[in-house]
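Notes follow once the structure below has been shown.
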Amino acid sequence: MCGIIGYNGVSSAVPFLIDGLKRLEYRGYDSAGIAVISNRNIRQEKKKGRIAVLSSALKKRDDMCGTIGIGHTRWATHGSPTDENAHPHKSGKFTLVHNGIIENHKELKEKYLKLCDFKSETDTETAVHLINRHYSGNCIEAIAQTVKLLEGSFAMAILCEDEPETIFCVRKASPLLIGTGEEASIASDISAISSKADTLYRMADGEIAAVKKDCIEFYDFNLNKIDKERSEFSVGYAHTEKGEFDHYMLKEIYEQPEAVKRTVDSYLQNDTLNMPIKTDKPERIYIVACGSAYHAGLAGKLFFEQLLSIPVSVEIASEFRYCSPLANKKTPVIIISQSGETADSLAALREAKKKGAPTIGIVNVPESSIATESDSVIYTKAGTEIAVATTKAYSAQLSALYMLAIFFAEKWQTAEKKQLSDLTEGLRKLHICIKNALGCEEQIKEIAARFADTEHAYFIGRGSGYAVAAEASLKLKEISYIHSEAYAAGEMKHGTISLIEPGTKVIAICAPNGLNAKMQSNIDEVKARGAEIFAVTCTHETKADTCIITAEAPHPMMSISTQIIPLQLLSYHVARLRGCDIDKPRNLAKSVTVE
Ligand code: F6R
């Protein structure tokens, strides 16, 4: 969620920190702050609002001139977004920034810090007071004693006035990377430091680092020294610019053909799918994810079950981890995640591993925790995704799931050769069909104008149409703030149809899955109650008021990939007309690293 940045070098820290915070802003953007050490004194500035607000406050400060510093962009969990609750938090000679949640902060406060003067409502402030309380001249010892008391997840960067040449870092269950090169840098996400560092260390759970500008030492929480290996940066994860587009989201929508082609090309050579997975035919498969990645999982289930004839359960990660899943060594668990850091998905992965299940990550960020901890990984090659609402990573996830299903079907011989070669041919053409689907933007702009004042919308579909509906509904609500729900079309009449009034907008996804006649009956049902119907369809045979004709998919089983395109564009244009902050919708963050 929140973003952490740090710099220890020879130049002024502030420009580096502000630049890094801007790159991390998509992780959380309700307040931000930085601290530097200058002449053995910690100086800090923190502000409610976007990084731009912090930047203008810093223009009035001429004392923030150190070459070592830390910064933070916040997504509020404990305490509302205010100047006081923004990080860094200070106590005595220490200041720190934190990503994660300290779950036992109340107990710790009660037990050790009754007399402390708390300035914020955050859980984080407990940690800095505890470090200060444990301090008797040795910083790293005070930090080690403190972290052993903390429960929950945390990544922290800490400064102490008595060691003005070191940034201390700790990590438990929240990501933290240390970049090395001419100067040392710290970030919770590779995009913030990839242009500045040559190599990086990925902190593991239970580690403390002492980061000096030219040397980095690692310890466990008992202060035993650890030897760690550095890794190279992966190509393609550098920061990207908006270019000719007004928003990252629109740019990323148009990057989908490339994202899908890159993903397919990395596993499909000539006519053969090469995937790094050894699993034997299992009894059942679990797919676990959150949000849009979960919706990709819904699509994956249909594909898997048709080709493999094995039951597939798609689970919401935050539920899976606490519902005693029946996973075992015969049930592979596929975890889908763009960021690879989503706390619930990561916890679900660890739960699956505990149960002995083989785990397969479908991940976009190669250095991420889920990519590192999964037994095998399929990398989606969407490149850096900046807009909070995912588009190209979702499309790349769909293509990875198609490939995985075809690969398993070939390996386990569960489908006809002809069907598999048709699907493989489809994979090759998928990016072209997505490109064709993008041709609808002008029509979508007109339709968007009719949604601008809408307050409620319903998406309905059957089978693969329902998978599209679920994702399209999430897209619309998260960026345009229109209340929207997705229903399996046949389920609507079991209650929700009572909400249909004259003029209610219903978007019906008519997938080429043999259920068109049933969909038409469901369209009739809502139309009879006065709904205005928009059908997403490949044919004109529909009773809808407006047809959005989508480009054909390369294979009917892949229609989700083309039918979602007009609906991503619809959300974008509706949000734009409503004046919403499209790339950074309210209350959201790109990488959800808290439970
Ligand atoms: C919606 C969206 C989120 C993410 C979800 C999982 O547009 O982006 O719903 O899909 O937070 O994130 P990852 O894929 O990073 O695990």
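Numbering of ligands and ligand atoms starts at 1, following listing order.
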Inset, instruction - Evaluate the ring planes of Phe451 and Phe534, with Trp represented by its six-membered ring, and classify them as parallel (under 30°), tilted (30 to 60°) or perpendicular (over 60°). - result: tilted
Legend entry - Closest approach of any protein heavy atom to atom 12 (O) of ligand 1, naming residue and atom: Thr342 OG1, 3.4 Å
Legend entry - Per-atom contacts, ligand 1 versus Val388 - under 4.0 Å to a heavy atom: 8 (O)
Legend entry - Glu252 side chain vs Ile386 backbone, donor-acceptor pair below 3.5 Å: yes
Inset, instruction - With heavy atoms only and a cut-off of under 4.0 Å, state how Lys475 meets ligand 1: side chain, backbone, both or neither. - result: side chain
Inset, instruction - Drop me the distance from Asn364's CG to Thr380's OG1, to the nearest 0.5 angstrom. - result: 3.5 Å
Legend entry - atom 6 (C) of ligand 1 - nearest protein heavy atom and its distance: Cys290 O, 3.4 Å
Legend entry - Atoms of ligand 1 close to Ser339 [distance to a heavy atom under 4.0 angstrom, numbered from 1]: 13 (P), 15 (O), 16 (O)
Legend entry - Ligand-residue contact atoms, ligand 1 with Glu478, heavy atoms, under 4.0 Å: 1 (C), 7 (O)
Legend entry - Carboxylate-amine/guanidinium proximity below 4.0 Å for Asp205 and Arg171: yes
Legend entry - Proximal ligand 1 atoms for Gln338, defined as those under 4.0 Å from one of its heavy atoms: 13 (P), 14 (O), 15 (O), 16 (O)
Inset, instruction - Starting from atom 11 (O) of ligand 1, locate the nearest protein heavy atom and write down its residue, its atom name and how far away it is, to 0.1 Å. - result: Val592 CG2, 4.0 Å
Legend entry - Short N-O contact, Asp246 and Lys242, less than 4.0 angstrom: no
Inset, instruction - Heavy-atom contacts with Ala293 under 4.0 Å: which atoms of ligand 1 show up? List them by number with element. - result: 10 (O), 14 (O)
Legend entry - Side-chain donor or acceptor of Trp75 paired with backbone N/O of Tyr29 under 3.5 Å: no
Legend entry - Quiz item: cation-pi between Arg578 and Tyr481, 6.0 Å / 45°: no
Inset, instruction - Please write down residue, atom name and distance for the protein heavy atom closest to atom 10 (O) of ligand 1. - result: Ser292 N, 3.1 Å
